[in-house]
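Below is one structure, written out as structure tokens; the observations come after it.
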2 protein chains.
Amino acid sequence: MSEEEERKGSAGEGETEAVTLLSLIERQDADGLHRYFDAREPIDIAQEAEELSDEDLAKLPDMLTDDEMAALMEESDDDERIRIAHMLDNRRLLLAFHYMQKDDIVDILGDFPTGRQKEVINLMKTDDRKIITDLLKYPEDSAGGIMTTGYLVLKEERTVEQGLERIREVGPKTEYIDTIYILDEHRKLVGQIGLRDLLSSPRSTLIRDIMDRHVISVTPETDQEEAARLVSRYDLKALPVASRGQMLGIITLDDIIDVIVDEADEDILQMGGVNKEESLDTPMWESVKMRLPWLLVNLLTAFLASAVVKGFEDTISKVVALSAIMTIISGMGGNAGTQTMSIVVRHLSKEDIDWKTFWHDLGKELMVGLIDGAVNGAVTGLVVLVMYHNVYLFPIVLMSMIGNLLVAGIFGLFVPVLIQKCHADPAIASSIFLTTATDCLGFFIFLGLAQIFMPLLV
Amino acid sequence: MSEEEERKGSAGEGETEAVTLLSLIERQDADGLHRYFDAREPIDIAQEAEELSDEDLAKLPDMLTDDEMAALMEESDDDERIRIAHMLDNRRLLLAFHYMQKDDIVDILGDFPTGRQKEVINLMKTDDRKIITDLLKYPEDSAGGIMTTGYLVLKEERTVEQGLERIREVGPKTEYIDTIYILDEHRKLVGQIGLRDLLSSPRSTLIRDIMDRHVISVTPETDQEEAARLVSRYDLKALPVASRGQMLGIITLDDIIDVIVDEADEDILQMGGVNKEESLDTPMWESVKMRLPWLLVNLLTAFLASAVVKGFEDTISKVVALSAIMTIISGMGGNAGTQTMSIVVRHLSKEDIDWKTFWHDLGKELMVGLIDGAVNGAVTGLVVLVMYHNVYLFPIVLMSMIGNLLVAGIFGLFVPVLIQKCHADPAIASSIFLTTATDCLGFFIFLGLAQIFMPLLV
């Protein structure tokens, strides 16, 4: 056991003995395992379970209770869930599902091969089968795909007293009770009321008279990112999902937090040219497979830029200094363009572009490009002047730096906006179009100007 | 009014008449304004208020109720709050504070000039003054700075019945009632219990016997990012803040969501070389001031790379083709390094590097660099071979591409980790060190190899 002792930090502060999941399995210590689950957060245990061999993992189901099994599966990642599901028969799986929220069950079933999925669903009770089958219809990244059905509804003609009675009855079994949703006689969602407001209102008041009629809701087809945006903007405590007025479920904040974290990961990774599924522990060949295509696309654009330079080989052969200077011009365009692009991509992840201010935005980016280009161009021009003792290099460097930073501003703004217009994710492809522009045009402007003024340079 | 009609979308779906905040102010229509507030979300109105002239904004306080004023201030951004505060006397401000959570009041007071801040605090009731003064001590981005004091506590020796009684009493005035925190006789935080569990337990049970003793909490000094990480990892519904066992407050999920969104923005913007405060509507000169320093730092590193090229001017003057090819090698290194770096930066934003797997990670990155370098190098080598009809260019291009992609893997992994070790944010400065390495070493490896094999190239 000793070599296992320092393997994982534990969230269970109070405990001092050094046990691990593996050591408990090896000792077949079921009681110890229950204590282990009591003292720790399921996600920490799930991460430990990921490191287990198939053989060790297979011993877990017999040692765990159904709710421990449920907690473990809920917190495991997709691959691990499949692995665990292989070790459980359908009967045991259904027992574990009993302890899980519907949205989590759907998540897990969604990862199953279709055959097994159908088998399990057919074994469910009629009510559950209907809910699960309905939920499975929605894409995983839609509001329908992340909603849960554990919420409370009340008819609008009920009184506060009747509402509180209902909460006492079904509240204990309901995932989310902080807001109660109010339906009219056609079971349409017409309002909501906070549990706190219910508690503080006179018991005989009609719900209809105190409910908040202004409910922000989404349809089940809504993209999860849009749902997260609404929750974040309006500080919602939960987001109801409704279709043609009929309430179908709610999205809770813990799921919204997952969406926001995932989408931020996605944006950052995709802007860096990495597949959103990749992480530090992705196996080597997987990484190669995911990163190589992006590099090859980049290589294509590098050939383009290189072709521009090749077009000016005569010019460069006359003044070799140009080859050292041109990389400064193209690189600075890339840097400046990335600045603009980052701001635009981040803006687009929260709201659409406002066309009324777009031309003003463009004007601003051009002014920024002009000023930043002038400063960087002047500094570069001076350094070049000192290094090469040719006074005419100064205006050429200055002009091409300004020119390329204007290019950077234009493309940094337009590229993500146009990509979004084509219903693609601007975080993915923006940088490649941007640097293609700043590289090719950067070389072209600088070497072109040098060619024009060649008589002055040699 | 007509030119104002399409100015802003409204969250109040039901409404059809086309009114705007400005039109209501111009018509001095206070009743209309109250209806406007009823039908809309405060943040939408706050955004509209931002566009108002000082003169129009100054008319608002007299037309709004105290709670409308409070909602407007809560949802305004920092600059706008200062602007609104200028229009309110201290008495009115305190009336508005009456409708706000303590953490929001502290946020607003934190933006005030010290003089005004003290004035307002001195006018508060003794209890409030103490709480606000205590909260103001914590940095804005610490757990203490975002916590609120609106939560429920119970002594562990109470019964469920007594607990429910207390919730009926103070629940309606408390911001967060979903979890009740349990204190021992020394008022130390020793457990928590969900409202649902309380509802479903026998009334005479002692709280002590059913509470969850495993409470995840943070100290008020904890960085808000760490707090968000805990909430996200463990799907917490709220995060208690305690110092030496004494409970000080809780952080609610809406604040955690704000933190996660802000930190994601920060990472993306900073990786793009932009100040985290900048957005699309930052004024032009502000943008110049924020972006120029980053560009000048980049310029310095561009000079470095350029100096490497300059060192090989003789070589280039003999084979001008090298100047077109070298940009491919350096650029591809930058792209591959950014891939590695993005993954590492994202990893570090969630957990620290695990030194036990670090050398394995490095080995993997080197293998990926070797393979991706070989593929890209072979493709580039073939294209160059076809273009320049010199068979010796192929091995030189291949070797330098592999070399620079190994450099990319090493720096892409080490740079963010080392920056984190120096307690700086790896998102900010990583890319600059990385591209300095891939540019300088990319040029050096390729031009160096070309120089060595020069007799074969000419």
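Numbers restart at 1 for each chain; the letters A, B, ... are given by sequence-line order, proteins then strands.
Among Asp265(B), Ile260(B), Asp178(B), Asn335(B), the residue with the largest count of heavy-atom pairs under 4.5 Å with chain A is Asp265(B). Among the candidates Asn298(B), Asp281(B), Asp38(B), the residue making the largest number of heavy-atom pairs closer than 4.5 Å to chain A is Asn298(B). For the set Glu175(A), Lys237(A), Glu278(A), the entry with the most heavy-atom pairs within less than 4.5 Å of chain B is Glu175(A). Chosen from Glu263(A), Arg213(A), Lys318(A), Glu365(A), the residue pairing most often with chain B at heavy-atom distances under 4.5 Å is Glu365(A). For chain A, the option among Asp372(B), Thr357(B), Ile167(B), Val368(B) with the highest count of heavy-atom pairs below 4.5 Å is Asp372(B). The greatest number of non-hydrogen atom pairs below 4.5 Å with chain B, out of Thr282(A), Ile256(A), Leu413(A), Asp255(A), is found for Thr282(A). The residue among Gly334(B), Ser349(B), Ser317(B) with the most heavy atom pairs within less than 4.5 Å of chain A is Ser317(B). Chain B forms more heavy-atom pairs under 4.5 Å with one residue of Val309(A), Thr338(A), Leu292(A) than with any other, namely Leu292(A). When each of Thr301(A), Ile371(A), Ile316(A) is checked for heavy-atom pairs under 4.5 Å with chain B, Ile371(A) comes out on top. Residue with the most contacts toward chain A among Leu269(B), Leu280(B), Ile328(B): Leu280(B) (heavy-atom pairs, distance under 4.5 Å). The choice from Glu169(A), Met284(A), Met387(A) that makes the most heavy-atom pairs within less than 4.5 Å of chain B is Met284(A). Interface check for chain A: of the options Glu75(B), Met271(B), Lys173(B), His347(B), the most heavy-atom pairs under 4.5 Å are formed by His347(B).
Interface remark: Asp258(B) contributes side-chain atoms only to the contact with chain A (heavy atom separation under 4.5 Å). For Asn376(B), the parts sitting under 4.5 Å from any heavy atom of chain A are the backbone and the side chain alike. Only the side chain of Val231(B) comes within contact range of chain A, with heavy atoms under 4.5 Å apart. Heavy atoms of Ile432(B) lying under 4.5 Å from chain A are absent altogether. Residue Phe443(B) touches chain A through its side chain alone, counting heavy-atom pairs closer than 4.5 Å. Using a 4.5 Å cut-off between heavy atoms, Tyr176(B) does not touch chain A at all. Neither the backbone nor the side chain of Gln270(B) comes within less than 4.5 Å of any heavy atom of chain A. Heavy-atom distances place no part of Leu198(A) under 4.5 Å from chain B, backbone and side chain included. Contact of Ile177(A) with chain B is made through the side chain alone, with heavy-atom distances under 4.5 Å. With a 4.5 Å cut-off on non-hydrogen atoms, Val383(B) touches chain A through its side chain but not through its backbone. Looking at Ala336(B), the atoms closer than 4.5 Å to chain A (heavy atoms on both sides) sit in the backbone and in the side chain alike. The contact between Ala321(A) and chain B is made by backbone and side chain atoms together, counting heavy-atom distances below 4.5 Å. Interface remark: Leu236(A) contributes no atoms to any contact with chain B (heavy atom separation under 4.5 Å). For Val375(B), the part lying under 4.5 angstrom from a heavy atom of chain A is the side chain only. Of the two parts of Met401(B), only the side chain, counted from C-beta on, holds a non-hydrogen atom closer than 4.5 Å to a non-hydrogen atom of chain A. Neither the backbone nor the side chain of Met341(A) comes within contact range of chain B; no heavy atoms are under 4.5 Å apart.
The backbone N or O of Thr174(B) sits less than 3.5 Å from a side-chain atom of Arg196(A), completing a donor-acceptor pair. In this structure, Arg168(A) contributes its side chain and Leu199(B) its backbone to no donor-acceptor pair below 3.5 Å. Checked by atom type and distance alone, the side chain of Gln339(B) never pairs as donor or acceptor with a backbone atom of Gly272(A) at under 3.5 Å. In this structure, the side chain of Lys364(B) does not engage the main chain of Ser287(A) through any donor-acceptor pair within 3.5 Å. Checked by atom type and distance alone, the side chain of Glu41(B) never pairs as donor or acceptor with a backbone atom of Tyr234(A) at under 3.5 Å. Between the side chain of Thr327(B) and the backbone N or O of Ser306(A) there is no donor-acceptor pair closer than 3.5 Å.
The minimum heavy-atom distance linking Leu253(A) with Asp254(B) is given by the pair CD1-N, 4.4 Å. The minimum heavy-atom distance between Ala264(A) and Arg346(B), with the atom names listed, is CB-NH2, 3.6 Å. Shortest non-hydrogen contact noted between His214(B) and Ala39(A) is CE1-O, 3.6 Å. Across Leu299(A) and Thr380(B), no two heavy atoms sit closer than the pair CD1-OG1, 3.3 Å. Residue Ser342(A) comes nearest to Val274(B) through the heavy atom pair CB-CG2, 4.1 Å, listed as atom of the first residue, atom of the second, then distance. Closest of all the heavy-atom pairs between Ser232(B) and Val261(A) is OG-CG2, 4.0 Å.
For the residue pair Thr340(B) and Arg291(A), a side-chain donor N or O sits within less than 3.5 Å of a side-chain acceptor on the partner.
At a threshold of 4.5 Å between non-hydrogen side-chain atoms, the residues Ile257(B) and Asp235(A) do not count as touching. Lys310(A) is not listed as a side-chain neighbour of Ser323(B), based on a closest heavy-atom distance of 4.5 Å or more.
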